[in-house]
Student: 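Before anything else, here's the structure in question.
Counting convention: from 1, in listed order, for ligands and their atoms alike.
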Amino acid sequence: MNADTSKPLLIGGEWLRSSAPPLVSVNPATGATNYEVHTATAEQVEQAVLSATQAAAQASWRGMQPPQRAAVLHRIGELMLRDAETFAELQRIENGKVHAECMVQVRSAAATFRYYASVCETLESALTPSRGNYLSMAVYEPYGVVVAITPWNSPMTMEAQKVAPALAAGNAVILKPSELTPSPALLLGRIALEAGLPPGLLNVLPGTGAAVGSALVAHAGVKMVSFTGGTASGRRIAVVAAQKLMPVALELGGKSPHIVFADADLDAAADAVAGGIFEGSGQSCVAGSRLFVQRSVYEAFIEKLLAKARGLKVGLPDRPESKMGPIASFAHRQHIAGMVDAARAAGAEVLTGGGAPEDEALSAGAFYLPTVVAGISNRSDIAQNEIFGPVVCAMVFDDEDDLIAQANDSVFGLASGIWTRDFPRAWRVARALEAGTVWINTYKQLSIATPFGGFKDSGLGREKGTGGMRLYQQAKGIYFGLGG
Ligand code: NAD
């Protein structure tokens, strides 16, 4: 494949080619090459920051009234829905998610643009209580150039979650999508221009984290970074940000406990536990990857879960009957298999899965079966480290104190789930869990209106909700003297 036929990048409203090595996009369901994508050179990083700086400073953008800015965001949401099938297909061929999930995610991304259009129009500044003969108030200013860096598991929703509020807040954005999933971001850039977003306010720079991502983070012209990805990458970005005294929002990894008490509706819980870990092939930051079941129902519950895992249709992601597609890349499947094999060698029992499916039609893809691992303690490597695959670690607990001690014994604190009919207990446990999100008798229910983020090594800052727009602004106090 020739680099001249590959997808260009977007800077200042122009589609540009580059002399840097391209990304080669591979379909993980088939192993076939999709296309190549241009990656930004060091000069293009400079060019993008300059273009974004100029666009952010333009009086026409800074002075644009909220209803006009909201109209552009609404239009982006509408155009995303118009092109939903294309967005879904691009995500599917790049990360292997089944078509139905891709469609849910593109609709969710469009809804995020509509939500932040509304927030932009309705969020109020405040008059603060006066302490003298003056008016005092808090107003909110954009940072200027915001860099958004995203992972490959759910690119469309993560990108909307950053780009929509950052634009609503009055910034210019440079979006650096994952190496594995550059295309939905490029299509978003195209749609934003069509929607009337002035050139330079959304630039899209595919490339590696090591080359393009780190150059953007370190650039003096970049004033804020919003990052979603692994904890190790987030920590590296935080170190650079500390040197620059630059604010960062970090959405990082997880190892979320999914808890089943003996009094729970076990069938509903088994459905949710299976969905919570196997949906998206477990490549979800909030995947319920540590299962804690109360001892008296452990055996019965595991039987139900095994039936779900074995009954799940693993298949090509463009087939409507498929419920679980491949792992997003061959390298990541190797990482997952390596962790399961190491646990097995250390004495863990693999109750189901633990390898690739035997189906000949799937042999060219990076498939891995839904996997349940048992006979381990919460302190074992497989229960402590993020796998980011369709692998659940099943463990027992005796009582509430034992459960809370085990559930919180993790460096991560992103999400959690509780199944019980005892509502006072649900409340007590929800408050005691060290996690940014707690689901009670449901799982993976997400609302753009509710704050989202991690405790401990799972992150810093909160996205979503009205605070998700304030994340991209700095408060300014203004005192208006009234004379005398
Ligand atoms: P990753 O950290 O390898 O990469 C994420 C993004 O950061 C990519 O675009 C990459 O190019 C870029 N990057 C990497 N190192 C960088 C650096 N030093 N400077 C600048 N940019 C850099 O993560 P991944 O493998 O793409 O995604 C999987 C991880 O993301 C998992 O740990 C998962 O839990 C996490 N995740 C978290 C959330 C959340 O909301 N908390 C959501 C989705 C995924």
Side-chain angles (χ1 to χ4, degrees), residues 23 37 39-40 45 94-95 97 105 108 112 147-162 174-185 204-219 222 225-241 243-244 246 248-256 277 279-289 327-329 331-333 335-336 339 385-389 410-415 435-437 444 446 448 450-464 468 471:
L23 299 172
V37 177
T39 65
V45 167
E94 289 186 348
N95 76 2
K97 279 205 171 175
Q105 292 197 315
S108 162
T112 295
V147 162
I149 301 179
T150 50
W152 44 260
N153 60 322
S154 297
M156 298 182 297
T157 50
M158 304 286 146
E159 284 154 9
Q161 205 169 297
K162 297 181 187 309
I174 302 175
L175 174 57
K176 207 300 283 171
S178 163
E179 295 80 331
L180 290 184
T181 49
S183 294
V204 184
L205 263 61
T208 63
V212 179
S214 58
L216 285 168
V217 171
H219 199 292
V222 170
V225 169
S226 180
F227 171 83
T228 298
T231 295
S233 313
R235 216 183 280 284
R236 276 195 287 276
I237 288 169
V239 168
V240 179
Q243 290 297 329
K244 286 174 66 179
M246 171 181 70
V248 281
L250 302 173
E251 300 286 356
L252 307 176
K255 194 79 188 179
S256 300
I277 185 66
E279 197 182 276
S281 303
Q283 301 164 115
S284 162
C285 54
V286 295
S289 48
I327 305 304
S329 72
H332 190 51
R333 179 175 68 170
H335 160 81
I336 294 167
M339 288 188 76
N385 299 319
E386 189 180 39
I387 304 173
F388 217 58
S410 166
V411 295
F412 296 110
L414 193 58
T437 296
K444 261 185 128 179
L446 289 163
I448 188 61
T450 307
F452 178 80
F455 281 31
K456 303 193 280 188
D457 285 7
S458 288
L460 212 54
R462 295 289 179 271
E463 294 191 279
K464 302 191 178 180
L471 186 64

Student: With no hydrogens and no angle check, just 3.5 Å: does a side-chain donor-acceptor pair link Q161 and T112?
Tutor: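 No, because no side-chain N or O of Q161 sits under 3.5 Å from a partner of the opposite role on T112.
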Student: Any nitrogen or oxygen of A210, side chain or backbone, less than 3.5 Å from one on ligand 1?
Tutor: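 No; every N/O pair is 3.5 Å or more apart.
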Student: Ignoring angles and geometry beyond distance, decide whether T208 reaches within less than 3.5 Å of ligand 1 through its nitrogen or oxygen atoms.
Tutor: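 N/O-N/O distance below 3.5 Å does not exist for this pair.
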Student: Would you say P182 and L23 make side-chain contact, with heavy atoms under 4.5 Å?
Tutor: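 A side-chain contact exists here, since the closest heavy-atom pair is under 4.5 Å.
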Student: Report yes if some N/O of T228 lies less than 3.5 Å from some N/O of ligand 1; otherwise report no.
Tutor: no
Student: Relative to atom 2 (O) of ligand 1, which among S178, G459, S233 owns the nearest non-hydrogen atom?
Tutor: S233
Student: Just to be sure I'm reading this right: ignoring hydrogens, which of G253, G213, A185 gets closest to atom 21 (N) of ligand 1? Compare them by their nearest heavy atoms.
Tutor: G213
Student: What atoms of ligand 1 come closer than 4.0 angstrom to any heavy atom of N153?
Tutor: 43 (C), 44 (C)
Student: Below 4.0 Å from any atom of ligand 1, is there a heavy atom belonging to P177?
Tutor: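 It does; at least one heavy atom falls under 4.0 Å.
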Student: Please determine if G209 has a nitrogen or oxygen closer than 3.5 Å to a nitrogen or oxygen of ligand 1.
Tutor: yes
Student: Ignoring hydrogens and angles, state whether a donor on the side chain of E94 or T181 is under 3.5 Å from an acceptor on the partner side chain.
Tutor: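 Absent: no donor and acceptor within the cut-off.
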Student: Find all atoms of ligand 1 within a distance of less than 4.0 Å from any non-hydrogen atom belonging to M158, and give their numbers and elements.
Tutor: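 The atoms of ligand 1 under 4.0 Å from a heavy atom of M158 are 42 (C), 43 (C).
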Student: Considering both backbone and side-chain atoms of T231, is one of its nitrogen or oxygen atoms within less than 3.5 Å of a nitrogen or oxygen in ligand 1?
Tutor: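 N/O-N/O distance under 3.5 Å: no.
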Student: So if I count the atoms of ligand 1 from 1 in the order they appear, which ones are less than 4.0 Å from some heavy atom of I149?
Tutor: 6 (C), 7 (O), 9 (O), 12 (C), 20 (C), 21 (N)
Student: For atom 28 (C) of ligand 1, which candidate among F227, F452, F412, F388 provides the closest heavy atom?
Tutor: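 Residue with the shortest heavy-atom distance to the ligand atom: F388.
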Student: Below 4.5 Å, heavy atoms only, C-beta onward: do V45 and L205 meet side chain to side chain?
Tutor: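 Result yes, sub-4.5 Å side-chain heavy-atom pair found.
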Student: Please indicate whether any nitrogen or oxygen in E386 is less than 3.5 Å from any nitrogen or oxygen in ligand 1.
Tutor: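 Yes - when backbone and side-chain N and O of E386 are compared with those of ligand 1, one distance drops under 3.5 Å.
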Student: Mark up the atoms of ligand 1 that fall under 4.0 Å of a heavy atom belonging to P151, in ascending order.
Tutor: 26 (O), 27 (O), 43 (C), 44 (C)
Student: Can you confirm, on distance only, whether ligand 1 has an N/O atom lying under 3.5 Å from any N/O atom belonging to I237?
Tutor: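 N/O-N/O distance below 3.5 Å does not exist for this pair.
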Student: Looking at residues at least two apart in the chain, or sitting in another chain, which of them share a side chain to side chain donor-acceptor pair (under 3.5 Å) with K97?
Tutor: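 Per chain and number, K97 pairs via side chain to side chain donor-acceptor pair (under 3.5 Å) with E101, S154.
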Student: Is there a polar contact between ligand 1 and G230, counting only N or O atoms under 3.5 Å apart?
Tutor: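 Min N/O separation from ligand 1 is below 3.5 Å for G230.
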Student: For a side-chain contact (heavy atoms from CB on, under 4.5 Å) with L471, tell me which candidate from E463, K464, K162 qualifies.
Tutor: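 Result for side-chain contact (heavy atoms from CB on, under 4.5 Å) with L471: E463.
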Student: Which ligand 1 atoms, with their elements, are less than 4.0 angstrom from a heavy-atom of L414?
Tutor: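 Counting atoms of ligand 1 from 1, those under 4.0 Å from L414 are 41 (N).
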